[in-house]
Amino acid sequence: MAGRPAVAVVLHSVYTGTAVFDLLLPGDSRSLKVKRSYVRPIVSALRKFEVAAAEVGLMDRHGRAEIGVAVVAADPAHVAEVLDSCERLVAGRPEVELLSARRTLHRDHD
């Protein structure tokens, strides 16, 4: 088997990060239509960070919403940086109040 080149195997880790933002919406969000008018632009703005974003909870509660985001990267620092940017965007929206943000980070071997 002389002449066969050696093959190097390089393993890379993949990191996934998620964040769930619990929002207090303005008092006029008593209908699903009005609630969506607050949630939809935030989800759209979050997607500019190249994350998956959607309303993920409190769907049946007027005046409240949970928006989830997920990001995948080869570097945990990049995951944290993107989630930080997402949180700053949501916290900076004057029409809603960010009540809490929950984050998780997973490595592909977790």
Side-chain angles (χ1 to χ4, degrees):
M1 302 268 168
R4 183 177 275 184
V7 176
V9 176
V10 179
L11 300 176
H12 296 282
S13 290
V14 174
Y15 296 89
T16 57
T18 60
V20 177
F21 305 114
D22 183 1
L23 305 177
L24 179 64
L25 304 176
D28 67 343
S29 62
R30 297 195 196 308
S31 72
L32 183 58
K33 183 177 180 178
V34 175
K35 183 177 180 177
R36 281 189 190 146
S37 74
Y38 290 111
V39 172
R40 189 176 296 131
I42 295 170
V43 169
S44 178
L46 286 166
R47 288 183 178 150
K48 293 176 184 170
F49 292 110
E50 298 183 357
V51 298
E55 184 177 6
V56 296
L58 301 176
M59 308 255 194
D60 58 344
R61 299 251 340 249
H62 297 299
R64 295 283 297 280
E66 282 187 338
I67 296 176
V69 298
V71 61
V72 177
D75 178 20
H78 181 70
V79 171
E81 179 182 310
V82 171
L83 293 179
D84 287 345
S85 296
C86 291
E87 187 171 342
R88 279 193 301 275
L89 181 139
V90 173
R93 300 294 290 221
E95 70 274 20
V96 299
E97 180 181 344
L98 177 60
L99 298 176
S100 69
R102 298 181 315 273
R103 291 187 186 194
T104 59
L105 176 68
H106 296 281
R107 197 169 130 189
D108 60 350
H109 298 99
D110 289 347

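As the structure is a computational prediction, the values presented were derived from the model and not from experiment.
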Closest heavy-atom pair and its distance - Val43, Ala53:
CG1-O, 3.5 Å
Check this for me, if you would: do Arg103 and Asp84 make a salt bridge, where the nitrogen-to-carboxylate-oxygen distance has to be below 4.0 angstrom?
yes
I would like to know whether Leu58 and Leu23 meet side-chain contact (heavy atoms from CB on, under 4.5 Å); could you show each step before the answer?
CA-CA 10 Å; Leu58 301 176; Leu23 305 177; over 6 Å; no
With sequence neighbours excluded, tell me which residues meet salt bridge (charged side-chain N to carboxylate O under 4.0 Å, His left out) with Arg30.
none
Membership question, hydrophobic clusters at under 4.5 Å side-chain separation (ILVMFWY): are Leu98 and Leu46 in the same one?
yes
Quick one: do Tyr38 and Val69 end up in the same hydrophobic cluster if we chain Ile, Leu, Val, Met, Phe, Trp and Tyr together by side-chain heavy atoms under 4.5 Å apart?
yes
Under 4.5 Å between side-chain heavy atoms, hopping through other hydrophobics if needed: is there a path connecting Val96 to Val34?
yes
Would Glu66 and Arg102 count as a salt bridge (Lys or Arg N to Asp or Glu O under 4.0 Å) if you check the C-alpha gap in whole Å, the side-chain angles of each, and the deciding distance to 0.1 Å?
CA-CA 11 Å; Glu66 282 187 338; Arg102 298 181 315 273; 3.7 Å; yes
For residues Pro41 and Arg93, determine if any side-chain heavy atom of one lies less than 4.5 Å from a side-chain heavy atom of the other.
yes
Any donor-acceptor pair under 3.5 Å linking the side-chain atoms of Ser85 with those of Arg88?
yes
Using the rule that two of Ile, Leu, Val, Met, Phe, Trp, Tyr join whenever any of their side-chain heavy atoms come within less than 4.5 Å, decide whether Leu89 and Val82 are in one cluster.
yes
Do you reckon Phe49 sits in the same ILVMFWY cluster as Val39, going by side-chain contacts under 4.5 Å, direct or chained?
yes
